[in-house]
Amino acid sequence: MSATDTAPLVEARGVTKRYGATVALADGRLTVRSGESHALVGRNGAGKSTLVTLLTGLQAPDEGEIRFDGVSAPPLTDRDAWRRKVACVY
């Protein structure tokens with residue numbers, strides 16, 4: 001089975017996060033497959049940090065979906081499950 005036949009390690013599809021009237025991230029998308037490295041690059045206010053907070057389970061997206069190995073992300077309250085899925089080094 002090739003890497004293209006397996007589910008991505010991490011996939012964010014159409015994620016949106018709002019803080020009141022401010023849209024911090026609109027239709028964010030990211031796919032990471034085994035063996036890949038990615039960098040988030042953009043201007044201030046582009047939504048990089050917001051995407052990281054969603055991908056690490058610190059906050060939930062208002063819209064869209066985050067999946068790990070083809071399975072929906074765990075509930076935010078299950079901190080142990082998130083720790084088993086992802087870690088972030090700033």
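The residues of the chain are indexed from 1 along the displayed sequence.
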Name every donor-acceptor pair, under 3.5 Å, that has one atom in a side chain of residues 14-26 and the other anywhere in the protein, sequence neighbours excluded.
residue	atom	partner	partner atom	Å
T16	OG1	D27	N	3.2
K17	NZ	A60	O	3.0
R18	NH1	E63	OE2	3.2
R18	NH2	E63	OE2	2.8
Y19	OH	Q59	OE1	2.8
Y19	OH	Q59	NE2	3.3

message: Could you go through E65 and E11, starting from their C-alpha distance and side-chain angles, then the distance that decides it, and tell me whether this counts as side chain to side chain contact (heavy atoms under 4.5 Å, CB included)?
response: CA-CA 8 Å; E65 183 178 29; E11 185 174 27; over 6 Å; no

Atom pair CG/OG of D69 and S34 - distance to nearest 0.5 Å: 9.5 Å

message: Quick test of your reading: applying side chain to side chain donor-acceptor pair (under 3.5 Å), list the pairs with at least one residue in residues 77-89, sequence neighbours left out, ordered by first then second residue.
response: D80-R83

- request: Could you walk me through whether V86 and F68 pass side chain to side chain contact (heavy atoms under 4.5 Å, CB included), step by step?
  value: CA-CA 9 Å; V86 65; F68 296 96; 4.2 Å; yes

Side-chain donor-acceptor pairs of residues 35-46 under 3.5 Å, sequence neighbours excluded:
residue	atom	partner	partner atom	Å
E36	OE1	R33	N	2.9
E36	OE1	H38	NE2	3.0
H38	NE2	T31	O	3.4

statement: The reported gap from CD1 in I66 to CG in L51 (rounded to nearest 0.5 angstrom) is 7.0 Å

- request: Please assess C88 against V52 for the test side chain to side chain contact (heavy atoms under 4.5 Å, CB included), listing each intermediate value before the final yes or no.
  value: CA-CA 8 Å; C88 184; V52 170; 3.7 Å; yes

